[in-house]
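First comes the structure, then the notes that go with it.
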Amino acid sequence: MAKTLTEKILMEHLVEGDYLVGEPIGIKIDQTLTQDATGTMAYLQFESMGLDKVQNELAVSYVDHNTVQVGFENADDHKYLQSLAAKKGIVFSRPGNGICHQVHLERFGAPGKTLLGSDSHTPTGGGLSMIAIGAGGLDIAVAMAGGPFHIITPKVIEIRLTNKLRPWVSAKDVILTVLQKFGVKGNVNCVFEYTGEGVKSLEVPERATICNMGAECGVTTSIFPSDENTKHFLEAQERGDLYKELSADEGAKYDGLFEIDLAKVEPLCSCPHSPGNIKSIEELKGKKVDQVLIGSCTNSSYDDMRKVAYILDGKTVNPSVSLGIAPGSREVLLMLSEDGSLEKLIKAGARILESACGFCIGNHQSPSSKAVSLRTSNRNFEGRSGTKDAQLYLVSPETAALSAITGVFTNPLDDNGIEYPNFEEVKHFTIDDSMFIFPKEDTSDVEIIRGPNIGAPPLNDPLSYNVEGAITIKVGDKITTDHIMPAGARLKYRSNIPAYSEFVFENVDSTFATRCKENKEKGKNNFIVAGASYGQGSSREHAAICPMYLGVKVVLAVSIERIHQNNLCNFGIVPLTFINEEDYNSIEEGESILIEDLPDQITMAHLEDNPVIVNIGNRHIKMRCDITKDQLDMLIEGGLLNVLKNKK
Ligand code: MIC
Ligand code: SF4
């Protein structure tokens, strides 16, 4: 039978289950990546599995998120990660080497491979025809131990591209067109597969931009075929031997189709406070801008950056704008310095930022109060920038660079007196792998360094029979992991769960952690009630670990996003969804709640699709518990770490 590209790669990696859409399967993971903010916990969990070395083909540990180093905490994490990598056979990418997704694409990604990363933008690898998936750190730890990764066999949606983009319209506008169509919720367990003759007009970095931001739709991953452009990219990275041609079979059947005529794509923008809140730049043009930030794993390739330098050449950043530029990797930065682009950027008045996540995660460059901040990154959730009332707009590098000059939203399609650059495809990237530390065979003399910031992964208790307590918080729709577990200034506590837990829901309800602790002291459990698409956004498992630490036992939501649902199960928090959505409206914060026979109820929900009956006040509310057999075991035993321990 004719197969989609997604089916081909997934089936080649199938190690558990039957490949039937909607059914759980286990796939073999070839490559893993971690970044420092999720990595310390992932490696602590890996250590607790007791293995001498990682078991998968390639594991890379990047340091790119916490590079600000205010206080000792981040630097402690870096030391731990470096020594752990040396001990366990992991490639270490030193701080300053660049953003994990950009660097991985440049130096390690390979068509047809599976990649699992402890970061939700791991699908960037789909630009190189990989099945690249974001997951929680514990799932990466299991993959590094040689275990399979479990997903629900996805629906494959064809995104067929025709024609080619007009000058001044770019890959970011394509993915914003996709977001306009699919939105940020309701796309769980789908893969976006790009096809059509328009594909060949897009280079690998452009494809990577498109796959990167597919994460905002909540899909499992996105993928492009591997073709001549892929070959050229790999050859230019001196990795041509990894090339293989890959595409869907003629006549392959898809579960949906969205056609995009690239020639008709408009310059677009994600408006506050959701990537799915799309408007055209034409609608916004003339609006005053206070800050422009260019970079992040979405748009920081050499192609993006040299275009920006070309646009800024001979100009000066508008006096009302602060312009920051963060090239995605050391390779990109080196090339910008070699071809004269860096000089153009500096002369124009750009503030050159470290090749790291930085502004994107609110680690620095927080805008002024109520500022309008134009960014080429992928998320504009409220408060993510570090300034709660700032207004974040996500745009292409072209729109960002032009607006930095004019000081207002500027439509790149209008005549701006600049000819669109016609750059040649890069024939050879400047390769310098000296900031990777490759592991040695004999690691007997390596000691793992643990500073005071390095804690231990906390464990949960097995699920009690009757679970009783209070609705400690009720939140609305589209609550992101940034709402649950803020990053930015709090990021440095990622390796210290008791300290980080103090900040759960900090910007939503600052007394949440205190109330949880009071309930816990009285022997009561905590429950979270949420609207649709709970836990969208990042892969940070801390959005499950820290609530778990505070005694949260169950989340009752209208719907829960894929990665977060997995993280909840991994840490023994029961995910329930309303069968009748109206029941969500009837619940009030503070009400008491009792779920009787919970282990039995979720077992029957798994086996027979029975509803789970929840008693709130004097009402009996029916909930769904949509979990796999593995997740059932995790929930009953109090999390995946307990399951693994009990197996030994
Ligand atoms: C993000 O973009 O939100 C992050 C920070 O990269 C997260 C990971 C994290 O929270 O450490 C992600 O995308 O998974
Ligand atoms: Fe880093 Fe931002 Fe990309 Fe997350 S989205 S990996 S914080 S650059």
Side-chain angles (χ1 to χ4, degrees), residues 33-42 61-68 74 77 81 93 95 98-105 116-125 132-137 139-140 172 175 208-209 211-216 218 270 275 293-301 304 324 326-329 332 353-365 375-381 383-386 392 394 480-495 500 503 535-546 561-564 566-567:
L33 72 77
T34 56
Q35 39 90 340
D36 49 302
T38 51
T40 49
M41 226 10 95
S61 170
Y62 294 91
V63 177
D64 55 359
H65 277 60
N66 285 325
T67 54
V68 175
N74 299 163
D77 287 357
L81 290 168
S93 175
I99 305 174
C100 56
H101 308 303
Q102 175 65 26
V103 180
H104 206 85
L105 195 78
L116 194 69
S118 62
D119 191 282
S120 64
H121 290 105
T122 304
T124 312
I133 305 178
D139 289 322
I140 314 304
K172 181 62 148 277
I175 187 58
T209 295
C211 291
N212 172 287
M213 246 187 121
E216 273 44 74
S270 298
L293 292 168
I294 302 178
S296 92
C297 58
T298 320
N299 278 114
S300 61
S301 65
D304 285 332
S329 68
V332 173
L353 309 173
E354 186 173 4
S355 293
C357 297
F359 73 82
C360 175
I361 195 177
N363 234 347
H364 66 177
Q365 296 287 325
R375 300 167 169 227
T376 63
S377 47
N378 47 36
R379 288 188 174 145
N380 58 348
F381 306 140
R384 181 169 163 105
S385 65
L392 271 48
L394 308 175
T480 69
T481 51
D482 281 71
H483 289 109
I484 306 170
M485 219 44 272
R490 309 302 182 200
L491 206 54
K492 65 181 186 181
Y493 300 119
R494 281 289 174 92
S495 315
Y500 200 27
F503 304 108
Q536 62 171 242
S538 85
S539 70
R540 68 189 68 146
E541 60 188 358
H542 296 76
I545 303 179
C546 294
E561 288 298 304
R562 173 188 69 87
I563 304 181
H564 191 59
N566 285 352
N567 285 336

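Numbering of ligands and ligand atoms starts at 1, following listing order.
Interface atoms of ligand 2 facing His101, defined by a heavy-atom separation under 4.0 Å, are 6 (S). Of all atoms in ligand 1, listed by their number and element, those nearer than 4.0 Å to a heavy atom of Ser539 are 12 (C), 14 (O). Using a 4.0 Å cut-off to heavy atoms of Ala37, the atoms of ligand 1 that qualify are 11 (O). Shown in contact with Asp119 at under 4.0 Å from a heavy atom are these atoms of ligand 2, numbered in order with element: 6 (S). Applying the 4.0 Å criterion to heavy atoms of Arg494 picks out, from ligand 1, the atoms 9 (C), 10 (O), 11 (O). Short contacts between ligand 1 and His65, defined as distances under 4.0 Å to a heavy atom of the residue, involve ligand atoms 4 (C), 5 (C), 6 (O). Less than 4.0 angstrom separates some heavy atom of Asp119 from each of these atoms of ligand 1: 4 (C), 6 (O), 7 (C), 8 (C), 12 (C), 13 (O), 14 (O). Here is the list of ligand 2 atoms found below 4.0 Å of a heavy atom in Asn378: 5 (S). Within ligand 2, the atoms closer than 4.0 Å to a non-hydrogen atom of Ile361 are 7 (S), numbered from 1 in the order shown. Those atoms of ligand 1 with a heavy atom of Ile361 less than 4.0 angstrom away are 5 (C). Proximity to Thr38 (heavy-atom distance under 4.0 Å) selects the following atoms of ligand 1: 9 (C), 11 (O).
None of the N, O or S atoms belonging to His121 lies under 2.8 Å away from atom 2 (Fe) of ligand 2. With 2.8 Å as the limit, Cys357 counts as an N, O or S neighbour of atom 1 (Fe) of ligand 2.
Under the 3.5 Å distance criterion, with hydrogens and angles disregarded, a donor-acceptor pair is assigned to the side chains of Asp77 and Ser495. There is a side-chain donor-acceptor pair under 3.5 Å between His104 and Tyr62. Between the side chains of Ser538 and Thr481, at least one donor-acceptor pair of N or O atoms lies under 3.5 Å. In this model, a donor atom of one side chain and an acceptor atom of the other lie less than 3.5 Å apart for Thr298 and Asn378. At a cut-off of 3.5 Å, with distance as the only test, a side-chain donor of Glu216 or His121 sits close to an acceptor on the other residue. For the 3.5 Å distance criterion, the side chains of Tyr500 and Arg494 qualify, holding a donor opposite an acceptor. Side-chain polar atoms of Gln35 and Asp64 form no donor-acceptor pair below 3.5 angstrom.
If you take CD1 on Ile175 and CG on Asn212, they are separated by 8.5 Å, rounding to the nearest 0.5 Å. Taking OG of Ser118 as the reference point, atom CD1 of Ile140 lies at 5.0 Å (rounded to 0.5 Å). Considering CD of Gln536 and OG of Ser120, their distance stands at 11.0 Å, rounded to 0.5 Å.
Neither the backbone nor the side chain of Gln35 has a heavy atom within less than 4.0 Å of ligand 2. Residue-level proximity to ligand 1 for Arg384 is carried by the side chain, the only part with a heavy atom below 4.0 angstrom. Counting heavy atoms closer than 4.0 Å to ligand 1, residue His542 contributes nothing at all. Neither the backbone nor the side chain of Thr298 comes within contact range of ligand 2; no heavy atom lies under 4.0 Å. Neither the backbone nor the side chain of Asp64 has a heavy atom within less than 4.0 Å of ligand 2. Proximity of Arg379 to ligand 2, defined as any heavy-atom pair under 4.0 Å, is not found for any part of the residue.
Given atom 12 (C) of ligand 1, the protein heavy atom at minimum distance is Ser538 CB, 3.1 Å. At the shortest separation from atom 4 (Fe) of ligand 2 among protein heavy atoms lies His65 NE2, 3.8 Å. Scanning all protein heavy atoms for the shortest distance to atom 8 (C) of ligand 1 gives Gln35 NE2, 3.2 Å. Atom 10 (O) of ligand 1 has Arg540 NE, 2.6 Å as its closest protein atom, hydrogens excluded (heavy atom only). Looking at atom 13 (O) of ligand 1, its nearest protein heavy atom turns out to be Ser120 OG, 2.6 Å. Regarding atom 2 (Fe) of ligand 2, its nearest protein heavy-atom neighbour is Cys360 SG, 2.3 Å. In this structure, the protein non-hydrogen atom closest to atom 8 (S) of ligand 2 is Cys297 N, 3.3 Å.
A 4.5 Å side-chain heavy-atom check between Cys211 and Thr124 finds every atom pair outside the cut-off. Ser377 places a side-chain heavy atom less than 4.5 Å from the side chain of Leu394. In this structure, the side chains of Glu561 and Thr480 stay at 4.5 Å or more apart for every pair of heavy atoms.
The pair Asp482-Arg540 meets the salt-bridge criterion, with a side-chain N (NZ, NE, NH1 or NH2) lying under 4.0 Å from an Asp/Glu carboxylate O.
Put simply, the residue from Met213, Lys172, Arg375 that forms a side-chain contact (heavy atoms from CB on, under 4.5 Å) with Asn299 is Lys172.
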Leu293 and Thr376: CA distance, side-chain angles, deciding distance, side-chain contact (heavy atoms from CB on, under 4.5 Å) verdict: CA-CA 7 Å; Leu293 292 168; Thr376 63; over 6 Å; no
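Ligand 1 has a nitrogen or oxygen under 3.5 angstrom from a nitrogen or oxygen of Arg379.
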